[in-house]
Amino acid sequence: MNTGLPILRLGDILLSGLLSDLDDKTALAFTDELTTRIANEGIRGVVIDISRLEVVDSFVARVLMELAGTGRLLGARMVVAGMRPAVALTLTELGLRLTGVRTALNAEQAMELLGWRRPAEAAEEAPHAS
């Protein structure tokens, strides 16, 4: 099922983002597509960029926690990237915790948390044959 939310693959990491108008149907389809790809493609990490979300309510927080739990059971780690300060404050004020979800300031830092490096960096550090 196509959710309309892009899910990009970079090596063994999936990168996606959430939009501000996440509804139940889209959230369920997104969770299904993401978990299917984790299982079928041997994915070890997932980055979900929420920088476009201006508000995170209990529904979105629950979706992120369920994704993290399901991903963990399938052997993948989840990192939520791009949380705005206002969103972090709202989550704190509501007493909502993203249990089992690591966070990063942006998608690049999230990728680094999962051990991904740009190909140029990897090539520079690779030993050269003499």
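Every heavy atom of this structure was used, including side-chain atoms; hydrogens, water molecules and symmetry mates were not. One is the number of the first residue; the rest follow in order along the sequence.
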Closest approach of [X] and [Y], non-hydrogen atoms and distance?
X	Y	value
A76	G45	CB-N, 4.0 Å
A104	A110	CB-N, 3.5 Å
V101	L64	CG2-O, 3.8 Å
L113	T103	CD1-O, 3.7 Å
A107	D49	CB-OD2, 4.2 Å

Euclidean distance, [Y] [atom2] relative to [X] [atom1], rounded to 0.5 Å:
X	Y	atom1	atom2	value
W116	E108	CH2	CD	8.0 Å
I13	M111	CD1	CE	4.0 Å
I7	L15	CD1	CG	10.0 Å

* **Contacts of Q109 that satisfy side chain to side chain donor-acceptor pair (under 3.5 Å) - sequence neighbours left out** =>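 Here no residue qualifies.
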* Mind checking what makes side chain to side chain donor-acceptor pair (under 3.5 Å) contact with R77, not counting sequence neighbours? -> none
Between [X] and [Y], is there a shared hydrophobic cluster once you connect ILVMFWY residues whose side-chain heavy atoms come closer than 4.5 Å?
X	Y	result
M65	L94	yes
L105	V79	no
L67	F59	yes

* Asked: With no hydrogens and no angle check, is any side-chain donor or acceptor of R9 less than 3.5 Å from a backbone partner on G11?
  ->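 Flag set: sc R9 to bb G11 pair under 3.5 Å.
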* I43 backbone acceptor or donor facing R37 side chain under 3.5 Å ->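 Absent.
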* To do: List the steps, then state whether side-chain contact (heavy atoms from CB on, under 4.5 Å) holds for I38 with V46.
  => CA-CA 8 Å; I38 290 169; V46 177; 3.7 Å; yes
Is there side-chain contact between [X] and [Y], with at least one heavy-atom pair below 4.5 Å?
X	Y	value
I48	F30	yes
L91	M83	yes
R84	E54	yes
V47	L14	no

* To do: Evaluate side-chain contact (heavy atoms from CB on, under 4.5 Å) for L114 paired with R44, printing each intermediate quantity in order.
  => CA-CA 8 Å; L114 294 171; R44 68 172 182 83; 4.3 Å; yes
